[in-house]
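Structure, as structure tokens:
We name chains A, B, ... by the order of the sequence lines, and we start the count at 1 in each one. Note that these values count all heavy atoms, side chains included, but never hydrogens, waters or copies made by symmetry.
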Amino acid sequence: MDKNYNHFSEKEIYALWEKRCLFNPDSFPSKKKPFSIIMPPPNANDPLHVGHARFVTISDILIRYFRMKGYKTLWVPGADHAGIETQFVFEKKLREKGESRFDFTREELYQMIWNYVQENKALMIEQLKLLGSSCDWSRFKFTLDQDIINVVYSTFKKLYDAGLVYRGKKIINYCPRCGTSFSQLEVDYVEREDFLYYLDYETIHIATTRPETIFADVAVAVNPNDKRYKNLIGQYATIPIIKRKIPIIADRLVDPKFGTGALKITPAHDPVDFEIGLRHNLTPISVIDENGKIINSPEKYIGLNTTVAREEIVKDLDHFIVKTEKISHTVGTCYRDKGIIEPTLSDQWFIKVSPLVKLSLDAIKEKKVVFVHKRFERMAKHWYKNLKDWNISRQIVWGIRIPAFRCNSCTYWNITSGEIPDKCQYCGHTKLTQDPDTFDTWFSSGMWPFATLMTTRKDDFKTFYPTSVMVTAYDILPFWVIRMIMLGIFATGNIPFEKVLLYGLVRDKFGQKISKSKGNVINPIEMLEKYGADSVRNSLVWGTLIENDISLSEDNIRGQRNFANKIWNIARFIKISFSNYPGLVPKEPSKIRKRLNDEDRNILKKLQLTVKSVSNNIEKCKLSQAISCIYDFAWKDLADKYLEGNKSREDKDTFLCVLRFCFTNCIKILHPFMPFITESVWQQIKEISIDDSDTLAGSAWPTNRNL
RNA sequence: GGACGCGUAGCUCAGCUGGCCAGAGCGUUCGGUUUACAUCCGAAAGGUCCCAGGUUCGAACCCUGGCGCGUCCACCA
């Protein structure tokens, strides 16, 4: 054995595990209880970052622990097509080559992105292996695999048949440059300076930052309690330039303290106005089309973009402008190109969420789904209560195309489970046109736990659903976790997972958020090459609670590398000692009980307590406590005190037997955390070890009976 | 405006349902050269547990209020 541990044999170790098929539950025909985790599929297109490294570590610790405990263990890996994200990255690449998505047909574009993603997917898989992930690669799923798509289709159909899918005109967040709508969550609100124009509507003055939308006004609203305007309610105001008369109405959403306290109502271009419009039965008028150009306005403005139109209209409004002031307010911007989002009326598919929310809240209340950390349960409930109907249409190509076909004759929509209808089910007409839109990524990934298990192996769904625990970052609780619960219960009648373990974000060593612009990005693969996967893994659970954000520093990783080296050297001491005493046969301490002294009994007792505490902590997902227990036992109790205090002892025989026994058990409980070094050590000393397991990864967790 | 957190050693953080002199890692200082490891060993310094009240025999921990910081969400035209 070398003087120091070097981690360069990690790949061989991983290959050994794969060769033994240790990660495939089919190799264990036991009737034991199943334990399963579905991996949140990383974006196929991006290299792994430290956040991924954290969930890999956490999940792998749990998986390896339960595997050693004898459970039938399955960890399903996967990759996500990451709809909008990927298409925009790809389009950027096209632009660099002087091409655009409009140069290709839909099918060509899809195929090109598909090929591009396949190339990158391989890298992602490679990196997951470098981290030691003990997934069953034979069950790998991609979110655009045909069988996954089929599950998504039939779930959509089921939702439709249950009356939970509807097509509606709604205000959506539309980006005219990207040509797509975004969910509420994809819009960034930024603080901006703008002019607030006070306009004379004859009977009343209103204030607006968007004068280009005045031709879309259908009313002026005031707060019902606003004494200034009480007698105007029911009367009319007049839109300048076109002189159209519109009613003055009262609505509680109007803030009397803002501007003049009178709000022009433009239901087609503002979400609040849309809501007020609905309440008062006002018919919306659109003045901005999907390209961001003015329509339904006086001739001279038609076709202008909104910025130019605003300038022109402000010029023409002239003496109608009573006052102009600068204000700073928040404006919705596109999270991709940072441009202004136009709230626009559009036809989209929606999911009616209230029945699904009820199912989910009930499941949480009945403790069918348990959040390991209570505070996330509180957050989830809060989200559910504020969830609005879910717009699932996206105007992009890279995704799952919505199986909705509109009849060219009667214009009714035919919804299928994916198959192309040969005739309209309402009028029998044979010409139908498919909706060009694709599903929101979160809609299909919300089905991930059951879509994967329904398509891996024949009995997987039966055996492994609901999965044992969902491990994911807390920042996607609202995007993903709550939607998986809704869709899982709806589609299968059963919860998708029993526990939700949400972990905190990885930050830099000062606790700052990691971002490219700050230049504090930590590349896990670089660290792993430098210090070994075990060190990186340990540094991601060490010292901070799982549910809290963790500050990662290279110092920390180095500290864990030193720990790995300590483990290596205890093994080296044992190996050298045994080879110095060729006649020495390792015996279990229970067989030589009479020869044990106080120190021997003490360390054996300590081992027992450590195993117990580590098991408890892992089962409660308290991983930082678990690893620090092992760390203290291995380094302080075993190496510094016991080994150091006994190395020159007369009774070498007993000492070495006790040491060997404690150490082999120690690397067993350390294995889920640091699989490579422990396996590597096991391969070195297994001939003098306590059991005859060929690999440590496939060995059994220590139990009270054999301690 | 709403929700959820955080404030403990120089830094990053533990401290579970109130109870032994408040802990760890890193850093700092001092001392160790053979024989498992300098990626090591031994020792030391370093804390008004954000502030103020309250509950209690007893509070870093529970309650109330403040101050400071962070994240997410949202409907200010």
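Side-chain proximity of A:W635 to B:A36, B:C40, B:A77: nearest is B:C40. The nucleotide whose nearest atom lies closest to any side-chain atom of A:R572 is, among B:G2, B:A36, B:U39, B:A36. Comparing B:C76, B:C37, B:G25 by their nearest atom to the side chain of A:N4 picks out B:C37. Side-chain proximity of A:K647 to the nucleotides B:G5, B:C75, B:A36 is greatest for B:A36. Of the listed nucleotides (B:A14, B:A77, B:C37), B:A14 has the atom at the smallest distance from the side chain of A:L545. Side-chain proximity of A:K636 to B:A36, B:A3, B:A24: nearest is B:A24. Among the nucleotides B:C40, B:C16, B:A36, the one closest to any side-chain atom of A:N562 is B:C40. Checking B:A77, B:C75, B:G15 against every side-chain atom of A:L253, the shortest atom distance belongs to B:C75. Residue A:D555 has its side chain nearest to B:C26 when only B:C26, B:A36, B:G25 are considered. Among the nucleotides B:C75, B:A77, B:A36, the one closest to the side chain of A:T209 is B:A77.
Across all strands shown, nothing is found opposite B:C37 as a Watson-Crick or G-U wobble partner with both distances under 3.5 Å. Pair assignment for B:A24: B:U12, on the basis of Watson-Crick or G-U wobble contacts that are both within less than 3.5 Å. The base-pairing partner of B:G58, taking Watson-Crick or G-U wobble contacts with both distances under 3.5 Å, does not exist among the strands shown. Pair assignment for B:G68 gives B:C6, based on Watson-Crick or G-U wobble hydrogen-bonding distances that are each under 3.5 Å. Shown here, B:G47 forms no base pair; nothing in the strands shown gives a Watson-Crick or G-U wobble contact with both key distances under 3.5 Å. With a cut-off of 3.5 Å on both pairing distances, the Watson-Crick or G-U wobble partner of B:G42 is B:C30.
Evaluation of atom-type donor-acceptor distances gives no pair under 3.5 Å for the side chain of A:K3 against the base of B:C37. The base of B:A36 sits with one of its N or O atoms less than 3.5 Å from a complementary donor or acceptor on the side chain of A:E644.
Of the two residues contacting RNA chain B, namely A:S551 and A:T208, the nearest-nucleotide position lying further toward the 5' end is that of A:S551. Take the nearest nucleotide of RNA chain B for A:D508 and for A:G261: the residue whose nucleotide is more 5' is A:D508.
A salt bridge does not link A:K636 to A:D640: none of the charged nitrogens lies less than 4.0 Å from a carboxylate oxygen. One finds a salt bridge joining A:E377 and A:K381 here, because a Lys/Arg side-chain nitrogen approaches an Asp/Glu carboxylate oxygen to under 4.0 Å. Ion pair A:K530/A:E554 flagged as a salt bridge, since at least one NZ, NE, NH1 or NH2 atom sits closer than 4.0 Å to an Asp/Glu carboxylate oxygen.
Within 4.0 Å of A:K513, counting heavy atoms only, lie sugar-phosphate atoms of the nucleic acid but no base atom. A:D640 comes within contact range of the sugar-phosphate backbone alone, with a heavy-atom separation under 4.0 Å but no base atom that close. Here A:S628 lies out of heavy-atom contact (under 4.0 Å) with every strand. Here A:K566 lies in heavy-atom contact (under 4.0 Å) with a base. Among the heavy atoms of the strands lying under 4.0 Å from A:R561 is at least one base atom, whether or not backbone atoms are also near. Nucleic acid contact for A:D273: none, since no nucleic acid atom lies under 4.0 Å from a heavy atom of the residue.
Note: A:F376 and A:Y474 have parallel aromatic rings, judged against thresholds of 30 and 60 degrees for the angle between ring planes.
With A:T306 contributing its side chain and A:G292 its backbone, the two residues share no donor-acceptor pair below 3.5 Å.
Tested against A:I249, the residues A:L263, A:I276, A:V218, A:V220 include a single side chain to side chain contact (heavy atoms under 4.5 Å, CB included) partner, A:I276.
Dashed line: the shortest gap from a side-chain N or O of A:N548 to OP1 or OP2 of B:A14 is under 4.0 Å.
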